[in-house]
Amino acid sequence: MCIRDSFHNAEHDAYYTALVMRKLPDPMAVLGYEEHPRKLSHNERRSRFRATNMVRSVKEALESKELMQPRCPTCGQPTERITELVPQATGKYVALSKCKHHGAMFVKVRFAVLPDGQKGMHLSVLPASHQNRAYVHTKELQYQLKRKRGDYDNYDFDDLTNALSTNMPFEDN
């Protein structure tokens, strides 16, 4: 097994844990640490949502020029999306786009219902790292499979009931 093997797989997690334990000067010392797992949860800023735009509907926003050609954070010019906007969780999407001058961009879009009942959107466009590109590619393949299976046949993209909750504890805004 090599470092390029899949992570987030029980067998590989156990293998890599064993490799780490072998490197420790006193592996038994880990037993002195707290044995009660902490509940993974978001920090307080997870409950805040900073809208960059107000939208009438998520579906409309997903088809808007702003999301079809998100602006490069460096030069401000429109980029061309090279992947579709892929759903991650309720109200959350990722994609890749390309700036003629600055290369690949990682696009993150988040929607939520604001306290006044309006729908807000937060758009983030950043230079894409190798990991971002791999992540979006993987998510795109998963999304295509789920669509083919029919998982999105009756999906209501505008239902943002659980948009501010997620099962991704280490994700940042």
Side-chain angles (χ1 to χ4, degrees), residues 6-9 38-173:
S6 172
F7 290 101
H8 304 297
N9 163 311
R38 289 183 309 154
K39 182 178 183 224
L40 297 177
S41 63
H42 299 287
N43 61 25
E44 286 301 310
R45 71 187 185 98
R46 296 296 305 153
S47 61
R48 295 191 310 248
F49 178 79
R50 184 175 51 106
T52 54
N53 287 52
M54 306 312 268
V55 298
R56 282 189 294 203
S57 83
V58 173
K59 194 164 178 89
E60 244 178 64
L62 292 172
E63 296 167 358
S64 70
K65 184 175 180 180
E66 183 176 16
L67 296 184
M68 293 300 285
Q69 296 180 317
R71 295 197 172 271
C72 172
T74 306
C75 68
Q77 295 298 308
T79 64
E80 290 295 325
R81 250 197 17 236
I82 54 179
T83 68
E84 57 190 319
L85 281 159
V86 181
Q88 289 184 288
T90 303
K92 299 173 90 172
Y93 301 81
V94 293
L96 293 174
S97 67
K98 186 171 185 175
C99 173
K100 288 188 272 189
H101 307 290
H102 300 102
M105 297 290 152
F106 180 49
V107 179
K108 297 191 297 183
V109 185
R110 186 171 177 204
F111 298 93
V113 176
L114 303 175
D116 64 3
Q118 294 186 75
K119 290 180 182 169
M121 175 180 89
H122 179 82
L123 172 62
S124 173
V125 182
L126 306 163
S129 68
H130 179 71
Q131 289 88 351
N132 296 145
R133 286 179 233 166
Y135 176 75
V136 172
H137 178 68
T138 301
K139 290 298 175 186
E140 192 174 34
L141 292 174
Q142 291 171 346
Y143 180 50
Q144 289 168 359
L145 175 67
K146 288 177 181 181
R147 275 196 327 215
K148 192 180 215 179
R149 246 185 0 210
D151 294 6
Y152 287 94
D153 288 352
N154 298 311
Y155 188 77
D156 182 1
F157 289 88
D158 280 292
D159 180 5
L160 299 174
T161 307
N162 297 315
L164 293 177
S165 65
T166 177
N167 61 355
M168 297 184 230
F170 300 115
E171 169 186 84
D172 56 7
N173 263 344

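The structure presented is a predicted model; accordingly, all values stated were derived computationally and were not measured.
- Looking only at distances, a side-chain donor or acceptor of His122 sits under 3.5 Å from a matching main-chain atom of Arg50.
- The closest side-chain heavy-atom distance from Leu62 to Phe111 is below 4.5 Å.
- Nearest heavy atom pair, residue Cys72 against residue Thr79, reads N-CG2, 3.7 Å.
- A heavy-atom distance below 4.5 Å is found between the side chains of Met105 and Pro73.
- Side-chain contact between Phe106 and Ser129: absent, with no pair of heavy atoms (C-beta onward) separated by less than 4.5 Å.
- Ion pairing of Glu60 with Lys119 is absent here, as no side-chain N (NZ or NE/NH1/NH2) approaches a carboxylate O to less than 4.0 Å.
- Taking every heavy atom of both residues into account, Met54 and Gly120 meet most closely at SD-CA, 4.3 Å.
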Problem - Full working for side-chain contact (heavy atoms from CB on, under 4.5 Å) between Leu96 and Arg133 - result: CA-CA 7 Å; Leu96 293 174; Arg133 286 179 233 166; 3.9 Å; yes
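- No more than 12 heavy atoms of other residues, nucleotides or ligands lie within 6.0 Å of NE2 in His137, so this atom counts as exposed by the packing criterion.
- A heavy-atom distance below 4.5 Å is found between the side chains of Val109 and Met121.
- Contact record, Leu67 with Leu123: CD2-CD1, 3.7 Å, taken as the closest heavy-atom pair.
- Looking at Val86 and Gln142, their side chains never come closer than 4.5 Å, going by heavy atoms from C-beta outward.
- Distance check, rounded to the nearest 0.5 Å: CD of Gln69 to CD of Gln77 gives 10.5 Å.
- Contact record, Leu85 with Ala95: CD2-CB, 3.7 Å, taken as the closest heavy-atom pair.
- Separation of atoms CZ (Arg147) and OH (Tyr155) is listed at 13.5 Å; rounding is to 0.5 Å.
- What you find for Glu63 and Met68 is that their closest heavy atoms are O-CG, 3.8 Å.
- To the nearest 0.5 Å, atom CD of residue Gln144 and atom CZ of residue Arg149 are 13.0 Å apart.
- Of all the heavy atoms in Cys99 and Cys75, the pair that sits closest is SG-SG, 3.7 Å.
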Practice task
Start with the C-alpha distance between Asp158 and Lys59, add both sets of side-chain angles, then the distance that settles side-chain contact (heavy atoms from CB on, under 4.5 Å), and finish with yes or no.
Solution key: CA-CA 7 Å; Asp158 280 292; Lys59 194 164 178 89; 3.9 Å; yes
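- Ring orientation note: the planes of Phe157 and Tyr152 are close to parallel, at an angle under 30° on the 30°/60° scale.
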